[in-house]
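Numbering of residues begins at 1 and proceeds along the displayed sequence.
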Amino acid sequence: MPPEPVSADDPEEPWWEDEEDWEEEYDYAEVLADCREAAEAQACAAAAAARTGTTAALAAIAATAGRRGPGQPGSEQIFPGEYPGPAAQFASGMLFDTRPGGPELARFADQASDGFENVSDDELLGILCAWGRVQAHAAARMYAAVAELIRRRPAAGWPVDKATGMPQVWDEFTPSELCAALAESKGDAAGMLGLAYDLEVKLPGTKAAFGDGLLSEEKVAIIARATAVLNAAEARAAEALVLDRAARLTPAALRSAIARAVMEVAPDKARKRREQAARDARVERWAEDSGNAALMGRELPPDEVLAASERITAWARELKKAGLEGGLDELRARAYLDLLLGKDSRPGSSRPASSRPGLPGQPSPPGAVSGGFAGRVALTAPLATLARLADRPGELAGLGPVDPWLARDLAAAAAQNPKTTWCVTVTDQDGHAIGHGCARPEPKSHSRRAGPGRFGFAFTPARRDGPPGGYGTWTLRTPGDGPDLRVTLDPLTTQDCDHRFQASGHDPGVKLRHLAQVRHATCTGIACRRPSTHADFEHNTPYEAGGRTCLCNGGPKCRQDHRLKQHPKWKVDQLPDGTFRWTTPSGRTCTTEPTRCPV
């Protein structure tokens, strides 16, 4: 019998340490036969656990299950208990696929990386991920050393944190000492000192995840920058709201999540930071490495930035329609300069833009809402925030979280424009949409009632007792003299889908498409942030194969991820809760959950 596979408690002496001796001592076919026998025993145990509902037993079995990669015999089957070489422990669910980063993992990954000829795709990606955790762990250890340098270089007269031994201020020449040691700029050295301090004093959860290799240095810096405005207790509360999913979020998604967490924990501080930063509004220019130049505005009002972006896109489309060559990005850049310089770059144009009506040189039409915001951009905000019952953040599609005061200001501005459309989304405790309704004016026979709606937002049952179960007709009141709005809430869950929104043909109706976009505000592809309003409605089970055009069998995918899902080596499962589970060619899986709305 071969030695037992290395365990988490005894990682020091791997059984494959001397590969040549192992090959001489054990017959490979005999080893596989013994392992298959163990696998059969595990399969019997799994069946028994399934019958009895023993969750712990199932979890223990799953922890030892590995998946073969494409190209190997039985690549679509699970073979628990087989250990053909050092790379096997890096397969999905195996010991080193989940082991924290550190010297031991680096040692095993180094052995497994010594030639990849007999390594499956699954094992190869497991090795790659392991190196990522090792890299993050090494960076965390470096920052621990930087923190120790801070402890040894306290500034005179400043207090020291008793729990961590960290001085509140370090000696003014410490950045110079650090940049001399690392050959970094003083600015970078100062940034490293600040991050090391925050990890020790303010962000213990982030520090632990960093040390385990779950968070990269980039993600750790994102959390630290977002929580810089908070004190230690507030920073810990904010990090706690994102650490459960920070490892699987992209940097952009994590930036949005931690920004919202900061606004939830300390909304007033978030508002003050925005207002103070607005005083630093500026336009920057610099030379690109290519020899071209760059121009950028910083710390600008969010609604005006979105309105300006829409105007740039609209003019870029006009340029394209007129025959100007180039992709959308190139044409947007040209439109950007046209709008700034009052030019008209359409082929054949001779007069300056300012002399022609409707061209970029003309001012905005009279009566336009500030920035052209209302009715053009999706603002999502908790009703309690709009009704001034709570201070919870909202979200601007395309930009991210906004503090409660800005959310209220934008909603009030939107309410002044009769073209603005309103929707109400009901969420669960995690912010996932479970109900939705689009507002429409009350019948003309219903006159506007006096009350809080004239001065603010209110959401009340259309009848005294309200709709049963919460789903049904409600009344939404907005500021100003406009009519009350009627909202009929429909369920969005597909746990037991009744197919009420199903379309009879291939293409979804307007409402079905809209509801799919509410549930997933972005593409359901892996790490894709493209807005769902610019994506396809994609059938998970193809329509041609009998798949329904329904919420339970569809969601938004950008064109690239639509094509990716159709690739024969990829597989996507749509789960009843709206989650999409992607299986890559290596057999590894990852999930994309429905959008988390502000709650």
Quick one about Ser113 and Asp110 (side-chain donor to acceptor, distance below 3.5 Å, no hydrogens or angles considered), yes or no? no
Ignoring hydrogens and geometry, is there a side-chain-to-backbone donor-acceptor pair from Thr524 to Lys557 under 3.5 Å? no
Give the C-alpha distance, both sets of side-chain angles, the deciding distance and a yes or no for salt bridge (charged side-chain N to carboxylate O under 4.0 Å, His left out) between Glu264 and Arg260. CA-CA 6 Å; Glu264 291 177 1; Arg260 185 190 299 173; 5.0 Å; no
Do you know the tightest heavy-atom contact between Lys186 and Pro175? O-CB, 4.4 Å
Work out which heavy atom in Ala535 is nearest to a heavy atom in Pro556; give both atom names and the distance. CB-CB, 4.1 Å
Once salt bridge (Lys or Arg N to Asp or Glu O under 4.0 Å) is applied, what residue pairs with a partner in residues 128-143 remain, sequence neighbours excluded? none
Are Asp171 and Arg153 close enough for a salt bridge, meaning some N to O gap below 4.0 Å? no
Give the intermediate values and the outcome of side-chain contact (heavy atoms from CB on, under 4.5 Å) for residues Leu182 and Leu178. CA-CA 6 Å; Leu182 298 178; Leu178 185 60; 3.8 Å; yes
Which atoms form the tightest heavy-atom contact between Leu105 and Pro100, and what is the distance? CD2-O, 3.5 Å
Asp97 side-chain N/O to Gly93 backbone N/O, donor-acceptor pair under 3.5 Å: yes
Checking the side chain of Asp428 only, and the main-chain atoms of Gly431 only, is there a donor and an acceptor separated by less than 3.5 Å? yes
Ignoring hydrogens and geometry, is there a side-chain-to-backbone donor-acceptor pair from Glu234 to Asn231 under 3.5 Å? yes
Heavy-atom check, side chain of Leu241 versus side chain of Val265, under 4.5 Å: yes
Hey, what do you get for OG1 (Thr583) to NZ (Lys569), rounding to the nearest 0.5 Å? 15.0 Å
Any side-chain to backbone donor/acceptor pair from Arg236 onto Ala240? Under 3.5 Å, distance only. no
Between Trp158 and Pro167, is there a side-chain heavy-atom distance shorter than 4.5 Å? no
For a 4.5 angstrom cut-off between non-hydrogen side-chain atoms, does Arg274 reach Leu406? yes
Does the pair Arg282/Glu299 count as a salt bridge with the N-to-O cut at 4.0 Å? no
Applied to residues 240-256, the salt bridge (Lys or Arg N to Asp or Glu O under 4.0 Å) test, sequence neighbours excluded, yields Arg248-Glu593
I need the full list of salt bridge (Lys or Arg N to Asp or Glu O under 4.0 Å) pairs touching residues 155-167, with sequence neighbours left out, sorted by first then second residue. none
Residues in ring-ring contact (aromatic ring centres under 6.0 Å, His included) with His520, at least two apart? Phe580
Gap between atom CG of Asp212 and atom CZ of Arg99 - 0.5 Å precision: 11.0 Å
Nearest-0.5 Å distance that lies between atom CD1 in Ile434 and atom SG in Cys597: 10.5 Å
Asp268, Leu230, Val262 screened by side-chain contact (heavy atoms from CB on, under 4.5 Å) with Arg273, the one that passes: Val262
Between atom OG1 of Thr589 and atom CG of Asp573, what is the distance when rounded to the nearest 0.5 Å? 9.5 Å
Is there side-chain contact between Pro251 and Ile222, with at least one heavy-atom pair below 4.5 Å? yes
Do the side chain of Gln89 and the main chain of Met94 share a donor and acceptor less than 3.5 angstrom apart? no
Value for CZ (Phe90) from OG1 (Thr98), rounded to nearest 0.5 Å, stands at 11.0 Å
Between Thr425 and Thr380, is the side-chain contact (heavy atoms from CB on, under 4.5 Å) condition met? List the steps. CA-CA 9 Å; Thr425 300; Thr380 305; over 6 Å; no
Going by the angle between their ring planes, with limits at 30° and 60°, are Phe108 and Phe96 parallel, tilted or perpendicular? parallel
Atom CG in Asp121, atom OG1 in Thr584: separation rounded to 0.5 Å? 8.0 Å
Quick one: are Phe116 and Glu123 in side-chain contact, heavy atoms under 4.5 Å? no
For the pair Glu239 and Lys202, find out whether any cationic side-chain nitrogen is under 4.0 Å from an anionic carboxylate oxygen. no
For the backbone of Arg392 and the side chain of Thr385, can you confirm whether one donor and one acceptor N or O come within less than 3.5 Å of each other? yes
Indicate yes or no for a side-chain donor-acceptor contact from Ser309 to the backbone of Val305 under 3.5 Å, with no hydrogens or angles considered. no
Can a salt bridge be assigned to the pair Asp280 and Arg298 using a cut-off of 4.0 Å between side-chain N and carboxylate O? no
For the student: nearest non-hydrogen atoms of Cys528 and Cys558, plus distance: SG-SG, 3.9 Å
Is there a side-chain contact between Arg529 and Cys523 in this structure, where contact means two heavy atoms from C-beta onward sitting under 4.5 Å apart? no
For residues 189-201, which side-chain N or O atoms pair as donor and acceptor with protein atoms under 3.5 Å away, sequence neighbours left out?
residue	atom	partner	partner atom	Å
Glu200	OE1	Arg151	NH2	2.9
Glu200	OE1	Lys207	NZ	3.2
Glu200	OE2	Lys207	NZ	3.1

Heavy-atom distance under 4.5 Å between the side chains of Ile223 and Leu254, does that happen here? yes
Closest non-hydrogen contact found for Leu386 with Ala411 is CD2-CB, 3.6 Å
Please confirm whether the backbone N or O of Ala247 pairs with a side-chain atom of Lys219, one donor and one acceptor, at under 3.5 Å? yes
Walk me through it: do Leu295 and Leu340 pass the test side-chain contact (heavy atoms from CB on, under 4.5 Å)? CA-CA 11 Å; Leu295 185 66; Leu340 286 173; 3.9 Å; yes
Quick one: do Thr227 and Leu203 satisfy side-chain contact (heavy atoms from CB on, under 4.5 Å)? Show the steps, please. CA-CA 9 Å; Thr227 56; Leu203 300 168; 3.9 Å; yes
If you take all heavy atoms of Ala257 and Leu249, which pair is closest and at what distance? CB-CD1, 4.1 Å
Quick test of your reading: applying ring-ring contact (aromatic ring centres under 6.0 Å, His included), list the pairs with at least one residue in residues 121-142, sequence neighbours left out, ordered by first then second residue. none
Between the side chains of Ser120 and Asp122, is a donor N or O closer than 3.5 angstrom to an acceptor N or O? no
Arg271 to Trp405 six-membered ring, cation-pi geometry met (6.0 Å, 45°): yes
Can you confirm whether Ser532 sits close enough to Thr522 that some side-chain heavy atom of one is under 4.5 Å from a side-chain heavy atom of the other? no
Using a strict cut-off of less than 4.0 Å between a Lys/Arg side-chain nitrogen and an Asp/Glu carboxylate oxygen, indicate whether Glu330 and Arg332 qualify as a salt bridge. no
Does this structure show an ion pair linking Arg519 with Asp577, if we count only N-O contacts that are shorter than 4.0 Å? no
